[in-house]
Amino acid sequence: MDAADLARQTLTQHDCVPPHLVTRLLERGHAGVVEHWAGQGEWFCAREWARLLGAEGRREEALDVLAPYLATGWWTATETAAGLLETWGRADEAITLSAAGTERGHPLALGFHARLLARHGRAEEAFTLLKPHIDDWSCAAALVDVAGDAGRDDEAAGLLASRVVDDHACDSPWCCDRLDLTLAIGLLARVRERQGRVDEAVALLRTRAVTSLNGRDQLADLLARHDRLDELRAYAAGDDLGDAVRSLAERLEERGDVEGAIAAYQEADASAPHSTVRLAELLARHGRGDEALEVMGRLAESYNGDDWILHALSELHLRQGRPEDGLARLDTLAAAREQPEEWDLLWIRLPLAAAAGRTDEAIAWARAHPEGDTSYAAPAVAELRRHPGQNVHELAGYLVDLGRVDEAVAVLLQDRHGPTGPVWDSAAWRAQAAD
């Protein structure tokens, strides 16, 4: 077991049993398989198995599962073990473990350790620990988190304000040694909101052309939290991404104004299909499944062949318990494309076919496909290498559904190779932190 290889697998989710497949195995009653692979270097199996053991009160066994991973010095294993210890009421042990992790220099270790300290009455210590590292984005975010409990919001605001300067023109957080301007403004706005200075927070965020990240708009969320709905409506009207509309609709739904939330999505920019998907999800949540399916159907017709939209359409049919209708809809869309169905789109049918009890027919579809001259369910390396990437995960999931677990695992691990060295970079760390 090697830390670099574990890090590579965790980042790429290739050559391993990925987390959603671990969940699927457990849901289908294959806990023994997860337990076995937890002891064979499969991190996602080990992580989930340790959590399950801990939930059953078998805490020392859980730590034994994680021990080989901890022995590599890999930070993610340290973070997971510390998190479990904390949930078990063993905060001092968690703090000791995370402190050792910070000594190995992982980019996120210091922030995790500081937050852990703050949650257990040591916020002043945490703030002092982070302060010298204010120009590191992960430490700056952690400093804002602990500053309130430490009673040092004013000091945190001062540190961040000193980084908000007019002549800082970086376009990314990694082009110089200073804290990214957009991030500094966002963090300062969080402190001002916590201090009750909401107008200042809003004004700060309005200085940035874009305040969206990973599907959330910080300015929109701030306006929503404080029920400044008129401002939020005006802001959402000019939102091309659909994130502000999402904040508005979610807040209206929370207030019980479901019709208002529906209207917000309906009025959204038609070029933002994510808003239409969220509208369908909203309708389905409130027992209006037929309307939801109609909304998604129209969207799929407008973006016929766009696989993420077809996936969303299929998943909605599954949640509504209407797999046959979903297959019929996909047939109609495929006919409208007037070209052979691509392999990537064929995969979308398989969960629907399984739910409809049409497994043999699904196998026939795959065999008949120009790219599926052998069974999609075969574990042959030559076949699967012709359909790389996410298809392998979908294949494995379908094999699990069919009870062919050994084949599913073989598919996932077929191309495993030795350590290739660290693959992390600053963008990867940031993406993981956002998740």
Side-chain angles (χ1 to χ4, degrees), residues 20-21 23-24 27-28 242 246 249 253 258-259 261-266 268 270-372 375-377 387 390-391 393-404:
H20 68 279
L21 259 299
T23 300
R24 204 159 181 166
E27 290 175 346
R28 302 297 190 273
R246 177 184 186 177
E253 184 182 9
V258 175
E259 292 303 323
I262 291 171
Y265 282 133
Q266 289 174 334
S271 66
H274 286 88
S275 292
T276 304
V277 174
R278 291 168 187 149
L279 169 59
E281 292 169 348
L282 171 63
L283 290 166
R285 278 197 301 275
H286 292 276
R288 297 163 66 169
D290 288 343
E291 292 177 68
L293 290 170
E294 185 58 34
V295 164
M296 277 304 306
R298 289 196 299 269
L299 180 66
E301 290 170 2
S302 298
Y303 291 85
N304 198 352
D306 193 318
D307 59 352
W308 80 268
I309 292 175
L310 293 176
H311 268 292
L313 175 66
S314 298
E315 288 168 5
L316 182 58
H317 275 91
L318 282 172
R319 291 196 299 272
Q320 293 295 310
R322 296 168 63 174
E324 289 285 5
D325 290 346
L327 290 169
R329 176 79 76 165
L330 292 178
D331 285 341
T332 299
L333 291 167
R337 288 194 293 273
E338 297 182 345
Q339 57 187 8
E341 188 159 52
E342 296 177 6
W343 182 263
D344 287 349
L345 300 185
L346 176 66
W347 284 101
I348 297 171
R349 296 175 177 271
L350 301 187
L352 292 167
R358 296 167 62 179
T359 299
D360 291 341
E361 188 174 350
I363 293 173
W365 295 338
R367 284 176 171 162
H369 193 278
E371 295 178 65
S375 169
Y376 73 93
H387 316 295
Q390 186 59 32
N391 282 343
H393 286 186
E394 294 187 8
L395 168 59
Y398 198 55
L399 287 169
V400 169
D401 289 344
L402 294 173
R404 299 163 69 169

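Model, not experiment: these values are computed from the prediction.
Nearest heavy atom pair, residue A280 against residue M296, reads CB-CG, 3.4 Å. Closest approach of S275 and G242 over heavy atoms only: OG-CA, 3.8 Å. When all heavy atoms of R337 and G305 are compared, the closest pair comes out as NH1-N, 3.8 Å.
Distance NE2/H311 to CG/L318: 11.5 Å, rounded to 0.5 Å. Here E281 contributes atom CD and L316 contributes atom CG; the two are 8.0 Å apart, rounded to the nearest 0.5 Å. Note: R329 CZ to H317 NE2 = 5.5 Å, rounded to the nearest 0.5 Å. With values rounded to the nearest 0.5 angstrom, T332 atom OG1 is found 10.0 Å from N304 atom CG. With values rounded to the nearest 0.5 angstrom, D331 atom CG is found 6.5 Å from L327 atom CG. Atoms CD1 and OG1, on I309 and T276 in that order, are 8.0 Å from each other to the nearest 0.5 Å.
Side-chain contact between V295 and L299 is absent, with no heavy atoms from C-beta onward closer than 4.5 Å. You'll find the side chain of R285 reaches within 4.5 Å of the side chain of E253, heavy atoms only.
Among residues two or more places apart in sequence or in another chain, the side chain to side chain donor-acceptor pair (under 3.5 Å) test is passed with R288 by E259, E291. For R322, the side chain to side chain donor-acceptor pair (under 3.5 Å) partners at least two apart in sequence or on another chain are D290, D325.
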